[in-house]
Novice: 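Take a look at the following structure, please.
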There are 2 protein chains.
Amino acid sequence: MLTGVINKMLTDRQLFLLQLLVNDYVVSAEPVGSRSIAKRDDVHFSPATIRNELADLEEMGFLEKTHLSSGRVPSEKGYRFYVDHLLSPVLLTEDEVGNIRHAYRKKFSEKEELIRVTAQVLSEFTNYTAIMLGPELMDMRLKHIQMVKLNQTQGVLIIVTDTGHVENKTVTFPKSIRAEDIEKIINILNDKLENVPIYRLQARLNKEISNVMRLHIRDYNRVMNMLQESLTMDDPEQIFCSGKNNILVQPEFQDVNKIISLLNVLEGKEIVHEIMSMPATGLHIRIGRENKLNGIEDCSLITTTYSMGGEHLGTVAVIGPKRMAYPRVVTLIDTVSKILSENLTK
Amino acid sequence: MLTGVINKMLTDRQLFLLQLLVNDYVVSAEPVGSRSIAKRDDVHFSPATIRNELADLEEMGFLEKTHLSSGRVPSEKGYRFYVDHLLSPVLLTEDEVGNIRHAYRKKFSEKEELIRVTAQVLSEFTNYTAIMLGPELMDMRLKHIQMVKLNQTQGVLIIVTDTGHVENKTVTFPKSIRAEDIEKIINILNDKLENVPIYRLQARLNKEISNVMRLHIRDYNRVMNMLQESLTMDDPEQIFCSGKNNILVQPEFQDVNKIISLLNVLEGKEIVHEIMSMPATGLHIRIGRENKLNGIEDCSLITTTYSMGGEHLGTVAVIGPKRMAYPRVVTLIDTVSKILSENLTK
DNA sequence: AATTAGCACTCGGATAGATCGAGTGCTAAC
DNA sequence: GTTAGCACTCGATCTATCCGAGTGCTAATT
């Protein structure tokens, strides 16, 4: 049991009641009244007493009422206190752990697939929305570059990074170019650009490569233009999102307009920035307005990271209503991100 | 003007009224009454006359009432007749054509991007949902295969098809294998598998390659297993979907449960099958229950195809409510698919 | 014979009370 | 410090009523 030292302002009983109330509200989605609390077996005082305590908790800003004579609902401050001090991690049942492991039973030949499946598992088991951010292109380095000719004028330029990520661009080469030239170009690129960070490719191309190219390749300008274009990386990172619709069944989103605006937020790029703005290490929770992004004021965001061979790779996020099953989600996101890291590492 | 010969059952005036009514209902989303039709400048008969005509049209099954004393709404048969005989194609304004062209102004280095943008344009200009099906893997042939080693035990296997599509798989190779071996394997594969249809890769691997491999490669069994796995193609095709949320603002989807089930359908695989079940050539419209797929009984599906250099490549689809702006969508989907084909071809 | 004016009728949607119940705060008794 | 009792509040639900936009049918008009 918790002792009152956590916060001088709150008595043990108040802590206890706050915890009960949040737990209750999280499952019922209805304002919690004193009577319903008093009915519990582990509560040994009367509704009137509870009313007094709740009134105090409200005065301190941990609880709110939806109208003058309604039951209480946790405020954001209440949730914050709850997740900081009252969160008792929940154990998954053996069945659940089994089911999760089961989802990873098959062999994954594409890393993307593994990440996608993780998003799926997480959204399914939490019943909220899961978003996975892959490694940022910023952090990747070039491993290998390759050109496959499709026909006389077109080819596919394939760029593989050290993390195993593959980008491909269709290019149209100048007619004047010869097959040997293409090979030469690719060789030069591989030679000079290996291990260069992806975001520096273009700069390096201009600085160091251009001289060598000029010597060896005819029609130098056109080729450089072509390469210039192909080495532009626009997508900052890969994103997988699963269970976008889960959140809609929550009673707080019965309003069609809310649904539309939330879905738009989930599909926009801003949500990615919001997630990236979370601390890059450990598990973090942002509740309601703590999120800077407009449109998710009624949501909470929980994030943690995953890695490959110890190296930070990306972020796992779960978005649900403020009224979220925090203990369960915290456990799940932690478990799943570990499983993902294991799978990526081996 | 249309003449009555189209269908012996309907007089010119009935055709005219049916067209008016559909046009009106499509924009208003409200049952159309005789009075509101009579008020139009181009209508020269009284509400009573119109009521008689509408009653006849209803008897013939082209119209419906939502309740005993409501105005009329087109039935599915009514829509069907409308799109078959009364659809007058609409011209886009110069502004619109300009805006569409504008969306394609930038150079596309990835074919996928071009298709994605097309989905976006289409959903934006129709205000419905656009779905693009890429070329089926079935129809592709192997152009080139390539292995990039990431470290001692892992590599990325890259598969390029004749259409310029790139698949990549992360593989873990047996420790015993040597660098030269890998090169040898890839050479054998490229040699023997070029131009083989993607879906036959595995079969060919077993039949013709296995002998050659056995001769040249040590640790034959493990290598074969690895390749076996890597050449499994699970995704039948690429899919781009844009504007999933557009459809939700339509008044027929004010019900949250309808929204959820529709979104689930749009995200599922069945919708792809539904689209693939459309005739593979020309423009086609399926109205409401004409769609076999459960969950889109209240929607209409319009599809056409796009191509690259004359060769059929994929399908463009728009999903909206039955009460759809058919003339506009038909024009748009037609225009856009042509622009896409042009862009792919050049 | 076709059209239209007139009229009774239907039904959904909006509005206004009435009622109910779950909740509160406060006071006084325990 | 706790609790029983009570007056009070407010959302939710139900009912009754009214209104308007629509219909079908009949009889008069063109």
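Every chain is numbered from 1, with letters handed out A, B, ... down the list of sequences. Everything numeric here is computed off the predicted structure, so don't read it as measured data. Heavy atoms only: backbone and side chains are in, while hydrogens, waters and symmetry mates are out.
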Novice: Keeping the roles fixed (side chain from A/S75, backbone from A/F62), state whether a donor-acceptor pair exists under 3.5 Å.
Specialist: yes
Novice: To the nearest angstrom, how far is B/N52 atom CG from D/dT26 atom C1'?
Specialist: 11 Å
Novice: Is the CZ atom of B/R13 crowded by more than 12 outside heavy atoms at less than 6.0 Å?
Specialist: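 Buried by this count: over 12 neighbours within 6.0 Å.
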Novice: Check whether any side-chain nitrogen or oxygen of B/R72 sits under 4.0 Å from OP1 or OP2 of D/dT23, and answer yes or no.
Specialist: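 Checking D/dT23 against B/R72, a side-chain N or O does come within under 4.0 Å of OP1 or OP2.
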Novice: Please evaluate the base of D/dT9 for a donor-acceptor partner in the side chain of A/S69 within a cut-off of under 3.5 Å?
Specialist: yes
Novice: I want to verify a distance call: between D/dA4, D/dG24, D/dC10, whose nearest atom is closest to the A/S46 side chain?
Specialist: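 Nearest to the side-chain atoms of A/S46, counting from C-beta on, is D/dA4.
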Novice: Would you kindly give the CG-to-P distance between B/L54 and D/dG24, to the nearest whole Å?
Specialist: 8 Å
Novice: Without decimals, in angstroms, what is the distance between B/E30 CD and C/dC11 C1'?
Specialist: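 Going from CD in B/E30 over to C1' in C/dC11 covers 15 Å.
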Novice: In this structure, how many angstroms lie between the P atom of C/dA22 and the NE2 atom of A/H67, rounded?
Specialist: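 Roughly 13 Å, once rounded to whole Å.
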Novice: If you compare all heavy atoms of A/G243 against all heavy atoms of A/T129, which two are closest, and at what distance to 0.1 Å?
Specialist: O-OG1, 3.0 Å
Novice: Does A/S70 make a side-chain N or O approach to OP1 or OP2 of C/dT24 shorter than 4.0 Å?
Specialist: no
Novice: Looking only at heavy atoms, what is the nearest atom pair of B/E270 and B/L293, with distance?
Specialist: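 Answer, listing the atom of B/E270 first, then B/L293: CB-CD1, 3.5 Å.
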Novice: Rounded off to whole Å, could you give me the CG-to-P distance for the A/L68 and D/dA12 pair?
Specialist: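 Going from A/L68 (CG) to D/dA12 (P), I get 15 Å.
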Novice: C/dG25 C1' sits how many Å from A/D56 CG, rounded?
Specialist: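 Between C1' of C/dG25 and CG of A/D56: 13 Å.
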Novice: Taking B/K322 first and then B/E290, would you say they form a salt bridge - that is, a charged N and a carboxylate O separated by under 4.0 Å?
Specialist: no
Novice: Students often get this wrong, so: under 4.0 angstrom with heavy atoms, is A/S36 touching a base, only sugar-phosphate, or nothing?
Specialist: nothing
Novice: In whole Å, what is the span from the CD atom of B/E64 to the C1' atom of D/dT23?
Specialist: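 That distance rounds to 16 Å.
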Novice: From D/dT3, D/dT23, C/dT4, pick the nucleotide closest to the side chain of B/A48?
Specialist: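 Side chain of B/A48 sits closest to C/dT4.
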Novice: Give the rounded distance in Å between these two atoms: CD of B/E59 and P of D/dG24.
Specialist: 10 Å
Novice: So which nucleotide from C/dG12, D/dT23, D/dG11 ends up closest to the side chain of B/S34?
Specialist: D/dT23
Novice: Side-chain N or O of A/K65 less than 4.0 angstrom from OP1 or OP2 on C/dG25?
Specialist: yes
Novice: Between B/R51 and D/dA21, is there a side-chain N or O to OP1/OP2 distance below 4.0 Å?
Specialist: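 No, no such contact exists.
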